[in-house]
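For reference, the structure is listed below as structure tokens.
Every number for a ligand or one of its atoms is a count from 1 in the order of the listing.
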Amino acid sequence: MADKSTFLEVDQQEEILFVKINRPEKRNAISDELIMALEAVFSAIPAGVRCAVLHGEGPHFSAGLDLSELQERTVVEGLHHSRMWHRALDRIQFGTVPVVAVLTGACVGGGLEIAAACHIRVAEQTTFYALPEGQRGIFVGGGASVRLPKLIGMARMSDMMFTGRVIQAEEGVAMGFSQYLAAEGEGLTQGLELAKRIAQNAEMTNYALMHVLPRIADSAQSEGLLLESLMAAIAQSSPEAKQRLADFLEGRAKKIV
Ligand code: 1HE
């Protein structure tokens, strides 16, 4: 598959699409070109792909926004820039396949915003999280104020921005940044294992988890419950669900344990 940017590598291996941020000399800082390339890749996931793994080349997942591109922007230009990030990260969160992020080293600022748009995060022991926007005199602009409070709570996010607090990988699991902790050098293997498992799910289930669950979480209770019922009825009537239920009842399916 053709690369969408000098700094983004895409590699399809059967049902899994590996997307690698490849700009280690700048600690995988995200330029406008890179954010647009991410948007392009996640807007056109090739047929046959069932799950993606997003990772970074070198010791750091991403040092966030490419600060060298932060020129004097007018208010309106600033709005457009932030909305460009929102569009790209929405394509990751609300695209066609679940995305597993494999984190290493710096996962900071815009890098953390990208990680938060993924569906599952595996953090190697070297990972650390920070929101240096607070210290740089700016504000988050890539969706962190919406996505991070859902992962770690608003008080923790405010603390990170007020005080410049850096969270290490292990604490990050307890706080909700990542769901898995991997030994150094093992993150990609673990991420791939998870991606292969996710790829086995009924497509309707993955769709519901990606597109419906977050909408339910954003809804008032009565609308949320109605959405849940609609989704449940659609999912259970799919031929794939009927086959899977029959497989279980007739002893062909794997048990939970
Ligand atoms: C960069 C960037 C960057 C490194 N933009 N060029 N993000 C930050 O405020 C984090 C800034 N970066 C760092 O704190 C450190 O670079 C790290 C802790 C991530 C890594 O440290 P280290 O010692 O391994 O690398 P380094 O020597 O600091 O950086 C190597 C090179 O990458 C160097 O360039 P060089 O030409 O001198 O070799 C750095 O300038 C460059 N580099 N990080 C541009 N971020 C949607 S809004 C989101 C808002 C934000 O993300 S704000 C947070 C920005």
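The distance from ligand 1 to the heavy atoms of G110 drops below 4.0 Å at these ligand atoms: 48 (C), 50 (C), 51 (O). Close approach to E25 involves these atoms of ligand 1, each under 4.0 Å from a residue heavy atom: 30 (C), 31 (C), 32 (O). Set against the non-hydrogen atoms of A106, the atoms of ligand 1 under 4.0 Å away are 19 (C). The contact set between ligand 1 and P132, taken as ligand atoms under 4.0 Å from a residue heavy atom, comprises 8 (C), 9 (O), 53 (C). Atoms of ligand 1 found under 4.0 Å from any heavy atom of G64 (numbered from 1 in listed order, with element): 51 (O). Near G142, meaning under 4.0 Å from any of its heavy atoms, are these atoms of ligand 1: 46 (C).
With hydrogens left out, the protein atom closest to atom 45 (N) of ligand 1 is L65 O, 2.9 Å, a heavy atom. Closest to atom 5 (N) of ligand 1, if we only count protein heavy atoms, is L67 N, 2.9 Å. When only non-hydrogen protein atoms are considered, atom 48 (C) of ligand 1 lies nearest to E113 OE1, 3.5 Å. With hydrogens left out, the protein atom closest to atom 2 (C) of ligand 1 is A29 CB, 3.9 Å, a heavy atom. The protein heavy atom nearest to atom 35 (P) of ligand 1 is K26 NZ, 3.6 Å. Residue, atom and distance of the protein heavy atom nearest to atom 22 (P) of ligand 1 are R27 NE, 3.5 Å. With hydrogens left out, the protein atom closest to atom 11 (C) of ligand 1 is R136 NH2, 3.8 Å, a heavy atom. The protein non-hydrogen atom at the shortest distance from atom 18 (C) of ligand 1 is F128 CZ, 4.3 Å.
The shortest N or O to N or O distance between A63 and ligand 1 is under 3.5 Å. Residue V108 places no N or O, backbone or side chain, under 3.5 Å from any N or O of ligand 1.
Across all their heavy atoms, R244 and Q200 have their closest contact at NH2-O, 2.5 Å. Between Y129 and A123, the closest heavy-atom pair is OH-CB, 3.4 Å. Shown here for N22 and N28, the closest heavy-atom pair between the two residues is C-OD1, 3.8 Å. Scanning all heavy atoms of the two residues, the minimum distance from F61 to L54 falls at CE1-O, 4.1 Å.
A salt bridge is absent between E39 and R91: the closest approach of a Lys/Arg side-chain nitrogen to an acidic carboxylate oxygen does not fall below 4.0 angstrom. A salt bridge does not link E171 with R156: every distance from a Lys NZ or Arg NE/NH1/NH2 to an Asp or Glu carboxylate oxygen is 4.0 Å or more.
With contacts defined as side-chain heavy-atom distances shorter than 4.5 Å, the pair I198/H119 does not qualify. The shortest side-chain heavy-atom distance between E240 and M204 does not fall under the 4.5 Å cut-off.
The OG1 atom of T6 sits 11.0 Å away from atom CD of E9, with the distance rounded to the nearest 0.5 Å. Going from atom CE of M210 over to atom OG1 of T205 covers 13.0 Å, rounded to the nearest 0.5 Å.
Counting only heavy atoms, the protein never gets under 4.0 Å from atom 39 (C) of ligand 1. For atom 13 (C) of ligand 1, the nearest protein heavy atom lies 4.0 Å away or farther. Note that atom 54 (C) of ligand 1 has protein non-hydrogen atoms nearby, at separations under 4.0 angstrom. When distances from atom 50 (C) of ligand 1 to the protein are checked, a heavy atom turns up under 4.0 Å.
If you check the side chains of H86 and R83, you find a donor sitting under 3.5 Å from an acceptor.
Using cut-offs of 30° and 60° on the angle between ring planes, the pair H211 and Y207 is parallel.
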